[in-house]
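For reference, the structure discussed in these notes is given below.
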Number of protein chains: 2
Amino acid sequence: MPTDRGQAGPTISEVAAEAGVGRATAARTLGGYGYVSPELRARVLAAAEKLGYRANRLARSMSTGVSHTLGVIVADIGNPFFAGLLRGVSDTSRARGFDVIVLSTYEDLREEVAATNVLIDKRVDGVIVASAALGRDQVAHLRAAIDRGIPVVLVDRAVPALDLDAVVIDNRDAAREAVERLIAAGHRRIGFVWGPPVAQAPATRRELLAAASRNLWTDGERLRGYLDALDDAHIPFDPRLVMVGPKTEERVVTEVGRMLALPDRVTAVFCTETDGMTGSLRALRQAGLSYPRDVALIGFDDSSWAAVMDPPLTMIAQPVHELGAKAAQVLLDILGGAEPAREMHTLRSRLIERASVAPPGS
Amino acid sequence: MPTDRGQAGPTISEVAAEAGVGRATAARTLGGYGYVSPELRARVLAAAEKLGYRANRLARSMSTGVSHTLGVIVADIGNPFFAGLLRGVSDTSRARGFDVIVLSTYEDLREEVAATNVLIDKRVDGVIVASAALGRDQVAHLRAAIDRGIPVVLVDRAVPALDLDAVVIDNRDAAREAVERLIAAGHRRIGFVWGPPVAQAPATRRELLAAASRNLWTDGERLRGYLDALDDAHIPFDPRLVMVGPKTEERVVTEVGRMLALPDRVTAVFCTETDGMTGSLRALRQAGLSYPRDVALIGFDDSSWAAVMDPPLTMIAQPVHELGAKAAQVLLDILGGAEPAREMHTLRSRLIERASVAPPGS
DNA sequence: AGCTCACCTGATACCGGTACCAGACCCGTA
DNA sequence: TACGGGTCTGGTACCGGTATCAGGTGAGCT
C-alpha cells in the first residue's frame, strides 16, 4: 500500500520547494542547526508556516540515532503506586523534552522480557524498570539492553544480580520501623500480611527467607525488616502469623481471619500493600472486631483515603512521585553524558502516625 | 557524533552478509514477507540468531508509514481514574500489537495542544484523548491530527464541537440517579461539590449553566443531572449549596464546612470527584458530624477504600478499565479499516449502594 | 584588477528498513 | 534445440530527516 502522500503533512523537500531553496537549507532552518542567512531563513519559515510543516521525529531519530523517548516498565499502570511513580517520571522527562512509553508486566517475568524487547526495537534512549528479576539467570533481557547501549535504571526494586543505578526506598528499614512501632505499643503477636506466591506455607524461618529471596525484592526486604524488629525485641517468630500465597484481597480476608481465630490471636497486623490493608479491614469487620481497640494496624502506601478513615490509619508513605522523578533524572543525566554511579539512591519513606495503633487489649 | 555502530545491534545488511545472501532476501525472511526458499530462510535465521538481530521498528515505521503506536492524552496519569483507564487502553492495544505513549495535560488546554503535536511528530497511528476542549475555537489541534490522517477517539469526555467517536458514561444520568437516591431518602438540602474554576460564585442558575458550558464536559453534565433531579422533585435550586472554584481538597473542606454552617444546612452532599469525597469527610469530622446520621453522602469514582470505610460509602462506579479498553478497540478498528461511526459509545456506570445514605435527621 | 578567504548554499551520502522489479535459473514442452 | 513460463533472488529506489563537504559568491586587501 503506497503511503498516500498529501495526507501525512508536508516534508522538508516540499517546504524547500515552496520557499525556493535547497533541501539542505530548509533542513538547517527547520532543524535549527548549521548556518542560514536571515533572508532565506525567513522564507523557509514562512513556507513551513504556510504549509503547516511539522518535523517527522521518526525520520529525525533514524538519522541521529536518538529518539528522545524513555521506556518505562512497571508491574501495573492501574496501581496507584505505579501511577504516581509514572507521573514523576513523566513530569521530569517531559520537562527535559523526552516522551515516555509505558509497558505493564503484571509481575510476569516473560512479559518483562517482551516489554524490554519492544523498547529495544523502538530504539528508546533509556529504560526505567521496576523489575521482577532477581538472580543471574533472570537478567539477560536487561543485559541485552545495556549491551546495545541503552542505559537502564531500576526503580522501586533493586536487582541484586545487576550492578545498576537503582532508585528505591529502604524497605527493610521502613518495615522494621513500623513493626517496632507496634512492639513499642506493647504488641507481641504481630501478623504479617505479605504473600510471595509460594505453594506451601513455609514452616520455618529459613524456608521463609528462602522463599523471599526467590521472589519480589521489595517483599523480601520488608520481611527482613519484620524479622529484624522481632529479633531486636526477642519476640519468637511464629510462621502462623505470616500470610503467603497470592496477594488478592480475598485471600487476605481469609488469612487474616485465620490469624484472628488463633487461640493466641494476633493483636496487630502489618500490611505490605494496599490490598493487604483493605483485606485486613474487611477481615476485622467480619470478625466483629474494631481497630485500634482490638487490633492495631499499620500498612504500606499511604493514600488520601487512609487519612479520612475513622479512625485514620497509620501508614508508611512512599515518596512515589520523587521515586519516579529521581529515576528519570538519573537516567537523563546518564543520557546527558554522566558516568553511571551504579549505586542505590535511597529515598526516605515516612511512617505517618495516625490512630490505628493502640496498646493491645485497650 | 557518528552513531557508534557495533553498539546498537546488527542491521539487516550485516545479517545478510553473515548468511551470505542479498539484503533483500534477509529482509524478506526477517520481515516475514515475500518469498524465500526454506534453505536460505534457515541460513538467514541462523545468522540473525547468531548476531542477535532485532528489527529496528523506527526504520520499519519510516518505510511503511505505520508506527504501531497509539498516543493517549489524559489529564493526569497519577489520578487513579485515568490510571485505570490507561490500563484498559494498554491491555487491549498490547493485545493487538500496539504500544502506547502517554501524555498528561493537567487540564491545561495548551498542554493538550503541545501533547497533540508531540504525537503528530512521533507519527503515532491514532490518538485517544480525554480532552478539555469544548468549543469550536478550541479544537484546532485535534482537527490538525485528523487532517493528517491520524484518527482521534475521545474518551471520558465528549467534545461537542467535534463529530468524533467518544467513549463515555452518561454523566448526567449517573448524577441524576445519585441525587434522586438522596431525594428518595427524604433529603431536600443537597450540597453539590463540584468546582468549575470560575472566579465568582454564580448567583443564578443561568450563570451556573453558563459556567458549566465553558468548562469540563463531564462536570457540566453532572451539574445538569443534579439540576434534573431537583427539578423533577420540585426542589428549589439554591446557589449556596454548590461549590465552585478550584477542586482542591482544602477548598472542599472549607466549602462543605460553609454549607454545613448554613442556618438551613445541607443534609446530604453529592461529590463529583474523589477529592470531593475525602474533603467532605474531613469537613464532617471538623464539624463534629457523622454520616449517614447527620449527613448523607454519595460520590463519584468508587475505589476499594470506599467499601471498607465504616460505614461503607455509596458510590458511583465508573467502568474505568472498559472505558479505556473500548476506546482502544474503537480506535484500533478504525485503524483496521473500519469506517468511524462518529457516535457516542455510552458505557454504564453503576450506583453502588452501601451505607452512607440514610433519611435526614435519623 | 586580481587574489585570498570567509561566508553561505545546496548536492549528496547516509540511517535501516520495505517493496518493486529485473533477471537468473530450471523445468517442461513443441 | 529452442522457447515459454514459473520460481527464486538480489539490486535498488524509496521513506524524511541529518550532516558532510564541494563550490559559488562577494568583500577586502594589495
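Chain letters run A, B, ... following the sequence lines, proteins first, then strands; residues in each count from 1. Please read these numbers as outputs of a predicted model, since none were measured by experiment.
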Rounded off to whole Å, could you give me the [atom1]-to-[atom2] distance for the [X] and [N] pair?
X: Ile12(B); N: dA19(C); atom1: CD1; atom2: P; answer: 11 Å
X: Arg41(B); N: dT7(D); atom1: CZ; atom2: P; answer: 16 Å
X: His68(B); N: dT18(C); atom1: NE2; atom2: P; answer: 11 Å
X: Leu30(B); N: dT18(C); atom1: CG; atom2: C1'; answer: 13 Å
X: Leu58(B); N: dT18(D); atom1: CG; atom2: P; answer: 13 Å
X: Glu14(B); N: dG16(C); atom1: CD; atom2: P; answer: 8 Å
X: Tyr35(A); N: dT18(D); atom1: OH; atom2: C1'; answer: 20 Å
X: Arg123(B); N: dG17(D); atom1: CZ; atom2: C1'; answer: 10 Å

Sorted by first residue and then second, give each salt bridge (charged side-chain N to carboxylate O under 4.0 Å, His left out) pair with at least one member in residues 125-141 of chain A; sequence neighbours left out.
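Every pair satisfying salt bridge (charged side-chain N to carboxylate O under 4.0 Å, His left out) with a residue in residues 125-141 of chain A: there are none.
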
The complete set of salt bridge (charged side-chain N to carboxylate O under 4.0 Å, His left out) pairs with one or both residues in residues 54-76 of chain A, sequence neighbours excluded, reads Arg54(A)-Asp121(B), Arg57(A)-Asp99(A), Asp76(A)-Arg87(B)

Cut-off 3.5 Å, no hydrogens considered: what does the side-chain donor-acceptor table look like for residues 330-343 of chain B, sequence neighbours left out?
residue: Asp333(B); atom: OD1; partner: Arg96(B); partner atom: NH2; Å: 2.9
residue: Arg342(B); atom: NH1; partner: Asp163(B); partner atom: O; Å: 3.1

Which of dA19(C), dG16(D), dT9(C) is nearest the side chain of Val36(A)? It is dT9(C)

Which of dT18(D), dG17(D), dG17(C) is nearest the side chain of Arg60(B)? It is dG17(C)

*Work out how much the helix from dA1(C)-dT30(D) to dA30(C)-dT1(D) bends between its end axes, five pairs an end, to the nearest 10 degrees.*
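Computed angle between terminal axes is 70°.
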
Legend entry - Ile101(B) and Val72(B), any side-chain heavy atoms less than 4.5 Å apart: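 No, side chains not in contact.
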
Pairing residues for [X] by the side chain to side chain contact (heavy atoms under 4.5 Å, CB included) criterion, not counting sequence neighbours:
X: Leu109(B); answer: Glu112(B), Ala132(B), Ala133(B), Gln138(B), His141(B)
X: Arg123(B); answer: Asn56(A), Leu58(A), Ile120(B)
X: Ala75(A); answer: Phe82(A), Thr105(A), Glu107(A), Arg157(A)
X: Ala83(B); answer: Ala83(A)

If only side-chain N and O atoms of [X] are considered, is one of them under 4.0 Å from the OP1 or OP2 phosphate oxygen of [N]?
X: Thr11(A); N: dC15(D); answer: no
X: Tyr33(A); N: dT18(D); answer: yes
X: Ser37(B); N: dT9(D); answer: yes

task: Kindly write out the residues that satisfy side chain to side chain donor-acceptor pair (under 3.5 Å) with His68(B), not counting sequence neighbours, or none if the list is empty.
output: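 With sequence neighbours excluded, His68(B) shows a side chain to side chain donor-acceptor pair (under 3.5 Å) to no residue whatsoever.
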
Side-chain atoms of residues 22-31 of chain A: list all donor-acceptor pairs with protein atoms under 3.5 Å, sequence neighbours left out, distances to 0.1 Å.
residue: Arg28(A); atom: NE; partner: Tyr35(A); partner atom: O; Å: 3.0
residue: Thr29(A); atom: OG1; partner: Thr25(A); partner atom: O; Å: 2.9

Output for pair (Ser90(A) OG, Leu70(A) CG), nearest 0.5 Å, gives 10.5 Å

Polar side chain donor-acceptor pair, Asn79(A) to Tyr106(A), under 3.5 angstrom:
no

**Interface with DNA chain D, restricted to residues 47-55 of chain B and to heavy atoms under 4.0 Å** =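 Going residue by residue through residues 47-55 of chain B, none turns out to have a heavy atom under 4.0 Å of DNA chain D.
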
Please list each protein N or O that sits under 3.5 Å from an N or O in nucleotides 10-14 of chain C, with the distance.
residue: dG10(C); atom: OP2; partner: Gly22(A); partner atom: N; Å: 3.1
residue: dG10(C); atom: OP2; partner: Thr25(A); partner atom: OG1; Å: 2.7
residue: dG10(C); atom: N7; partner: Arg28(A); partner atom: NH1; Å: 3.3
residue: dG10(C); atom: N7; partner: Arg28(A); partner atom: NH2; Å: 3.2
residue: dG10(C); atom: O6; partner: Arg28(A); partner atom: NH1; Å: 3.0
residue: dA13(C); atom: N6; partner: Arg23(A); partner atom: NH2; Å: 3.4

